[in-house]
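Remarks on the structure that follows.
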Amino acid sequence: MDAAHAAHRAHRIPERLAERLAPIREQAARAAVLVDFDGTLSPIVEDPAAARPLPGAGAALAELARRYARVAVVSGRPASFLLAHIGQEAVGAGVVLAGLYGLERGGDGSVEVHPDAAGWSEAVEQAAREAEAVAPTGAVVERKGLSVTLHWRAAPEAESWAVAFARSQAERTGLAVHAAKRSVELRPPVDADKGTVVAGLARGLDAACFVGDDVGDLPAFAALRRLGAEGMVTRAVAVAGPEAPPELLAAADGVVSGPEGALELLRWLAATAAT
Ligand SMILES: [Mg+2]
């Protein structure tokens, strides 16, 4: 066993997971490391605005970006939110920030918007305004610019309102409804999701892994499967926790425990990357 391989013990990476991910770190210079934000880099909290990455997450991403061909945070959050909280060190090292499930792309301080999504800002704004006017106590309306998310984490009884509100808005406006952990989101009906983002980021490389915790990460896992069938080395890692969707765990090549486990995995991938 070489020193790099033994490092999984120091990083508390289960041996089987370390073995599965070996082909990623062994060709780091031709590999992508792609990571979700909420529930993966940051613990899930009641107020979505208060979510922050674990201490050291930005530095770990920066370390990865110095060793791997491509490193990105792929999230449902606005790119501006990711930029504010992932930090300049990571962005300066080349970490790509893919926000709003592929509708936004940020990196060097600027944010690019998907051309098909821009025309929907008025419909989203109107839906957000109406939601704020009628949301029951405890429900949180999260404005994200080109999308709006209705959360019921702090008020479980608001779930039926949120689901019905989103459905009726979708019927009326043409916006698309997407579910996530204790929330539902209205988004432009654009052909973009974490799967299209992952396929784009992995293009031209020989290996890619993705780490995520929610149903919105399933398209990323599916994209990896398709790339794997075409000959790329791909690994899907699920972040387990009390709310982890069973279908995500079932589709994963490996599992880590909570954001702490995900961060440890990223540190290990950086520390053991082949040079
Ligand atoms: Mg997540």
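Quick caveat: nothing in here was measured; it's all calculated off a predicted structure. In what follows, residues are counted from 1 in the order of the sequence shown. Quick note: numbers below take in every heavy atom, side chains included, and nothing from hydrogens, waters or symmetry partners.
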Taking the side chain as every heavy atom from C-beta outward, state whether [X] and [Y] have any atom pair closer than 4.5 Å.
X: Q27; Y: V233; answer: yes
X: R77; Y: P48; answer: yes
X: E130; Y: F165; answer: yes
X: L34; Y: C209; answer: no
X: W161; Y: L150; answer: yes
X: S121; Y: L146; answer: yes
X: V73; Y: V95; answer: yes

Salt-bridged, [X] to [Y], with N to O below 4.0 Å?
X: E159; Y: R182; result: no
X: R67; Y: E63; result: yes
X: R167; Y: E171; result: no
X: E243; Y: R153; result: yes

Rounded at 0.5 Å granularity, tell me how far [atom1] in [X] sits from [atom2] in [Y].
X: D36; Y: D217; atom1: CG; atom2: CG; value: 4.5 Å
X: L17; Y: R20; atom1: CG; atom2: CZ; value: 8.5 Å
X: L97; Y: R105; atom1: CG; atom2: CZ; value: 9.5 Å
X: T149; Y: R143; atom1: OG1; atom2: CZ; value: 12.0 Å
X: Q126; Y: L175; atom1: CD; atom2: CG; value: 10.0 Å
X: H114; Y: L100; atom1: NE2; atom2: CG; value: 11.5 Å

Quick check on salt bridge (charged side-chain N to carboxylate O under 4.0 Å, His left out): which of D214, D38, D213 does K181 satisfy it with?
D213
Sequence neighbours left out, what passes side-chain contact (heavy atoms from CB on, under 4.5 Å) with R70? Give chain and number order.
A32, L201, L205
Name all residues meeting the side-chain contact (heavy atoms from CB on, under 4.5 Å) criterion together with A57; count only those two or more places apart in sequence or in a different chain, and write none if there are none.
L41, P53, L263
Following the transitive rule for hydrophobic clusters with a side-chain heavy-atom cut-off under 4.5 Å over Ile, Leu, Val, Met, Phe, Trp and Tyr, establish whether [X] and [Y] coincide in one cluster.
X: V96; Y: I24; answer: no
X: W152; Y: V141; answer: yes
X: V256; Y: L64; answer: yes
X: L248; Y: V198; answer: yes
X: L265; Y: V239; answer: yes

Determine, step by step, whether D253 and F221 satisfy the side-chain contact (heavy atoms from CB on, under 4.5 Å) criterion, reporting the C-alpha distance in whole Å, the side-chain angles of both residues, the deciding distance to 0.1 Å, and the verdict.
CA-CA 9 Å; D253 299 304; F221 281 21; over 6 Å; no
Among D193, V211, V197, exactly one meets side-chain contact (heavy atoms from CB on, under 4.5 Å) together with V74. Which residue is that?
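Passing option: V197.
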Going through the checks in order, is the salt bridge (Lys or Arg N to Asp or Glu O under 4.0 Å) test met by R225 and E230?
CA-CA 9 Å; R225 241 184 343 266; E230 292 165 10; over 6 Å; no
How far apart are the closest heavy atoms of [X] and [Y], and which atoms are they?
X: A93; Y: A65; result: O-CB, 3.3 Å
X: L82; Y: A98; result: CD1-O, 3.9 Å
X: A69; Y: A29; result: CB-O, 3.3 Å
X: A127; Y: L186; result: CB-CD1, 4.1 Å
X: R267; Y: A60; result: CG-CB, 4.1 Å
X: D116; Y: V190; result: O-CG2, 3.6 Å

[atom1] ([X]) with more than 12 external heavy atoms under 6.0 Å:
X: R203; atom1: CZ; value: no
X: E112; atom1: CD; value: no
X: R16; atom1: CZ; value: no

Residues that E104 engages under salt bridge (charged side-chain N to carboxylate O under 4.0 Å, His left out), provided they are two or more places apart
none
Given H151, which partner from the list E142, E46, E185 fulfils the side chain to side chain donor-acceptor pair (under 3.5 Å) test?
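So, applying the side chain to side chain donor-acceptor pair (under 3.5 Å) to H151 and each of E142, E46, E185, only E142 qualifies.
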Worked check of side-chain contact (heavy atoms from CB on, under 4.5 Å) between F81 and F37
CA-CA 11 Å; F81 180 95; F37 182 80; 3.6 Å; yes
Could you go step by step and tell me if R129 and E132 meet the salt bridge (Lys or Arg N to Asp or Glu O under 4.0 Å) rule?
CA-CA 5 Å; R129 226 182 298 128; E132 284 167 348; over 6 Å; no
Donor-acceptor pair, H11 side chain versus I13 backbone, under 3.5 Å?
no
Using only atom types and a distance under 3.5 Å, with no angle test, would you say the side chain of S147 pairs donor to acceptor with the backbone of K144?
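Between the backbone of K144 and the side chain of S147 there is no qualifying donor-acceptor contact (under 3.5 Å).
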For L218 and E247: C-alpha separation, side-chain torsions, deciding distance, then whether side-chain contact (heavy atoms from CB on, under 4.5 Å) applies.
CA-CA 8 Å; L218 282 168; E247 62 269 45; 3.5 Å; yes
I want to check a possible cation-pi pair here: R235 against F210, using under 6.0 Å from ring centre and within 45° of the ring axis as the test.
no
side-chain contact (heavy atoms from CB on, under 4.5 Å) between R25 and Y68: does it pass, once the steps are laid out?
CA-CA 8 Å; R25 61 172 189 78; Y68 287 79; 3.3 Å; yes
